[in-house]
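Encoded as structure tokens, the structure appears first; notes follow it.
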Amino acid sequence: MSLGACCQFVPPFLLERIAESAPPEGLAANSDAAAVHCAESAAATLAHDAELRRLRDSATMAGPGVGAGPQAADGAAWGVYTAGNGTSLPGTLVRDADQPESGDAAVDEAAYGGQATLDLFEEAYDRASFDGAGARVVMTVHYGRNYDNAFWNGTQLVFGDGDGQIFDRFTKPVDVLGHELTHAVTEHTAGLTYRDQSGALNESISDVFACCVKQRLLGQSADQADWLIGVGLFLPGVSARALRDMANPGTAYDDPRLGKDPQVGHMDDYVRTSDDNGGVHLNSGIPNRAFYLAATGIGGSSWDGAGAIWYAALTSASVGPSTDFAGFAAATIAAAGEHVDAVTRAWAEVGVSAPGRIEVRRSGGFAGITTSGAVDLAGDDPVAGRARDLVARLDTDALATAAGAHRAPQPDRFSYTFCVPGRSDVTVGEPDLTDDLRSLARLVLGDEEEGRG
């Protein structure tokens, strides 16, 4: 597991804002009962979510809210269960893929959204379920009491009913289903680490394909779509159009109980924080807007245009657990084909510069001659593709460790300086080269004599 977290739909900072609206202890009787109810529900959801993340982080798939999902029944593509307002998973099976509507709104909404998401991935991208091998999708509704969230826990999808005052059912907006099921797809492809830029990419990719699901169901082109995530999740009386706005991050809501939408849409406003796994829900607005710009720039349907490019990048060898915004931008540009200009402009407009060149300098050896080489990472040739694959696999901590290795001077050996876009230059002695660094140096330098000294 590379996510390292249980992926909740509603970010913790929003729930914290609602929870903070609770009156001081002893004053509840004189306060608005609805406000108290919402604050208590949000606080309970926060506490439960924190426990889910702790269990996921420790890889303990047991305890409240975490279970080992049932085996496939009769080959059904999905099954919807009810937790009956408890937290034992998966709960009681209510409806399988080959069964008619149950009459339970949450069950039937989950079935509709889950099937629509599976259809998108299979029919548009030739992917069989989230794992690419036809795995059964398990969905549980009526989770907890007044639970204000939805999540993918590494095994299944789970949806709360909301508090009934601020949040409606989490199965109601079809893009909530699309968002959470896409987390499973990401986990089984790039495995983007759920922290900092890779975590924000993880969140953004879920929003991207959630929008594709919704727009596909509505038969909308990219130009016709509203680009909102979570329309209908907030109940009447809440000043919110949705949870997120991909076209204009930071404008989805502005309500006394929720505060103002704090999402950002440009690298100039990138939020550096230790909260929310490094701001994964805040900074996801940057790649979200890049996708919106790419989709509208390409035109036509989002799932056939920009969506196909994003999916190709997500499943390419050049995107891995530690890929950042620039690395993913480079992967989409490489996969863009005839749409390369539109995709390049989209990333540039949100302040993300795709890696242009990687340079390697080799010095030392008996002759003391310095040799250098560079590769354009945005190129579409095999050398550029291989270089992107290697750069995507480079771990910043491993680079620092290799650069900081202390060894006695070896005048007959080379040292290598790696200039990787978006990272500090590092110099590594020949004995401390990792296999990937050695391969990268050989590729960029184009030197068959590499390593002979």
Going by side-chain contact (heavy atoms from CB on, under 4.5 Å), V350 matches just one of V264, D269, I286. Which one?
I286
Determine the sole option in W303, Y125, F328 for which the side-chain contact (heavy atoms from CB on, under 4.5 Å) test with W310 is passed.
F328
Nearest 0.5 Å, what's the [atom1]-[atom2] distance between [X] and [Y]?
{"X": "M246", "Y": "S284", "atom1": "CE", "atom2": "OG", "answer": "8.5 Å"}
{"X": "N153", "Y": "L52", "atom1": "CG", "atom2": "CG", "answer": "7.5 Å"}
{"X": "E187", "Y": "L192", "atom1": "CD", "atom2": "CG", "answer": "11.0 Å"}
{"X": "Q156", "Y": "Y81", "atom1": "CD", "atom2": "OH", "answer": "8.5 Å"}
{"X": "T189", "Y": "I205", "atom1": "OG1", "atom2": "CD1", "answer": "7.0 Å"}
{"X": "H183", "Y": "F130", "atom1": "NE2", "atom2": "CZ", "answer": "14.0 Å"}

Shortest non-hydrogen contact from [X] toward [Y]:
{"X": "Q263", "Y": "L282", "value": "CG-O, 3.4 Å"}
{"X": "H142", "Y": "A106", "value": "CE1-CB, 3.7 Å"}
{"X": "D304", "Y": "A308", "value": "O-CB, 3.6 Å"}
{"X": "A210", "Y": "G178", "value": "CB-C, 4.0 Å"}
{"X": "L314", "Y": "V185", "value": "CD2-CG1, 4.4 Å"}
{"X": "G279", "Y": "T273", "value": "N-CG2, 3.6 Å"}

Side chain proximity check, [X] to [Y], heavy atoms < 4.5 angstrom:
{"X": "F13", "Y": "D275", "result": "no"}
{"X": "E109", "Y": "F159", "result": "no"}
{"X": "V444", "Y": "E359", "result": "no"}
{"X": "F121", "Y": "L181", "result": "no"}
{"X": "V137", "Y": "S129", "result": "yes"}
{"X": "T171", "Y": "V176", "result": "no"}
{"X": "L243", "Y": "F234", "result": "yes"}
{"X": "F170", "Y": "V10", "result": "yes"}

Could you tell me if the ring centre of Y143 sits under 6.0 Å from that of H48?
yes
Donor-acceptor under 3.5 Å ([X] side chain, [Y] main chain):
{"X": "N277", "Y": "Y194", "value": "yes"}
{"X": "H281", "Y": "Q8", "value": "yes"}
{"X": "R127", "Y": "E122", "value": "no"}
{"X": "D148", "Y": "D163", "value": "yes"}
{"X": "D255", "Y": "S239", "value": "yes"}
{"X": "R145", "Y": "D161", "value": "no"}
{"X": "D261", "Y": "T251", "value": "yes"}
{"X": "T371", "Y": "R362", "value": "no"}
{"X": "K214", "Y": "L228", "value": "yes"}
{"X": "D131", "Y": "G134", "value": "yes"}

V80 and D108: CA distance, side-chain angles, deciding distance, side-chain contact (heavy atoms from CB on, under 4.5 Å) verdict
CA-CA 8 Å; V80 182; D108 295 331; over 6 Å; no
When you look at L437 and Y416, which way does the side-chain contact (heavy atoms from CB on, under 4.5 Å) test go after all the steps?
CA-CA 9 Å; L437 286 175; Y416 295 80; over 6 Å; no
Cationic tip of R244 within the cone over F9's six-membered ring, i.e. under 6.0 Å and within 45° of the normal?
yes
Would you say [Y] and [X] are linked by a side-chain donor-acceptor pair, where the criterion is simply a distance under 3.5 Å?
{"X": "T323", "Y": "S198", "answer": "no"}
{"X": "N149", "Y": "T45", "answer": "no"}
{"X": "H266", "Y": "E349", "answer": "no"}
{"X": "Y147", "Y": "D49", "answer": "yes"}

Does D223 form a side chain to side chain donor-acceptor pair (under 3.5 Å) with T296? I'd like the steps, not just the answer.
CA-CA 6 Å; D223 290 333; T296 52; 5.1 Å; no
Chi angles and distances behind the side-chain contact (heavy atoms from CB on, under 4.5 Å) call for Q115, D119:
CA-CA 6 Å; Q115 184 64 62; D119 288 346; 2.8 Å; yes
Checking V213 against V174 for the side-chain contact (heavy atoms from CB on, under 4.5 Å) test, could you report, in this order, the C-alpha distance in whole Å, the side-chain angles of both residues, the deciding distance, and whether it holds?
CA-CA 8 Å; V213 169; V174 71; 4.3 Å; yes
What verdict does the side chain to side chain donor-acceptor pair (under 3.5 Å) test give for S439 and R386, after you've listed the backbone C-alpha separation in whole Å, the side-chain angles of each residue and the deciding distance to 0.1 Å?
CA-CA 10 Å; S439 296; R386 177 64 179 148; 4.5 Å; no
Sorted by chain and residue number, the side chain to side chain donor-acceptor pair (under 3.5 Å) partners of T117 (sequence neighbours excluded) come out as none
Hey, mind stepping through Q215 and S301 against side chain to side chain donor-acceptor pair (under 3.5 Å) and telling me if it holds?
CA-CA 8 Å; Q215 292 172 22; S301 72; over 6 Å; no
Relative to the ring of Y292, is the ring of W227 parallel (under 30°), tilted (30 to 60°) or perpendicular (over 60°)?
perpendicular
